[in-house]
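Working notes, beginning with the structure itself.
Positions are given from 1, in the same order as the sequence printed here. Heavy atoms only: backbone and side chains are in, while hydrogens, waters and symmetry mates are out.
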Amino acid sequence: MPLSTSSNFAKPDDAFRAVVEAHRGLSDEQSAGLDAAMVLILANHIGDIEVLQEAIALAKRRVLDASQQQQQQQQ
């Protein structure tokens, strides 16, 4: 099964809002713990190591690209 990067939600804004709301009132440490737990739960649900590896690589690229863009803007 290839990694799907297009929205599979009928209401993507509702999905985004649910994730944001789940973090409300949490400390940074609790928020990071929530994210880690969600990742592991959803990775288990997917159950496909190749899809998981592809998702990890894509997420890491996005984080590094965003960090690089921030550095360039600060120069």
Side-chain angles (χ1 to χ4, degrees):
M1 152 180 44
L3 178 66
S4 172
T5 57
S6 58
S7 180
N8 289 319
F9 290 99
K11 296 181 177 181
D13 290 343
D14 289 352
F16 179 80
R17 192 172 5 273
V19 172
V20 170
E21 288 297 320
H23 289 84
R24 190 174 307 282
L26 299 180
S27 68
D28 287 348
E29 185 177 323
Q30 290 170 322
S31 186
L34 173 65
D35 286 341
M38 237 182 347
V39 165
L40 292 173
I41 291 165
L42 293 171
N44 182 66
H45 176 74
I46 292 166
D48 184 323
I49 191 66
E50 290 176 3
V51 170
L52 177 61
Q53 290 169 332
E54 190 177 348
I56 290 168
L58 177 59
K60 192 169 184 177
R61 269 195 316 272
R62 288 183 179 180
V63 167
L64 293 174
D65 288 348
S67 177
Q68 194 174 46
Q69 286 177 354
Q70 276 185 328
Q71 288 176 353
Q72 289 173 350
Q73 290 174 350
Q74 292 174 350
Q75 293 176 354

* **Interatomic distance, His45 atom NE2 to Met38 atom CE [nearest 0.5 angstrom]** => 14.0 Å

* Asked: About how many Å separate CG of Leu3 and CD1 of Ile46, when rounded to the nearest 0.5 Å?
  -> 7.5 Å

* Are the side chains of Arg62 and Leu58 in touch, meaning some heavy atoms are under 4.5 Å apart? -> yes

* To do: Could you grab the distance from atom CZ of Arg17 to atom CG of Asp14, nearest 0.5 Å is fine?
  => 5.0 Å

* To do: Kindly indicate whether the side chain of Gln53, heavy atoms from C-beta on, has any atom under 4.5 Å from the side chain of Ile49.
  => yes

* Asked: Just wondering, more than 12 heavy atoms not from Glu50 lying within 6.0 Å of its CD?
  -> no

* Asked: More than 12 foreign heavy atoms under 6.0 Å from CD of Glu29: is that the case here?
  -> no

* Structure fact -> Heavy-atom closest pair (Met1 atom, Val51 atom, distance to 0.1 Å) is O-CG2, 2.6 Å

* Looking only at non-hydrogen atoms, find the nearest pair between Ala43 and Leu52 and report the distance. => CB-CD1, 3.8 Å

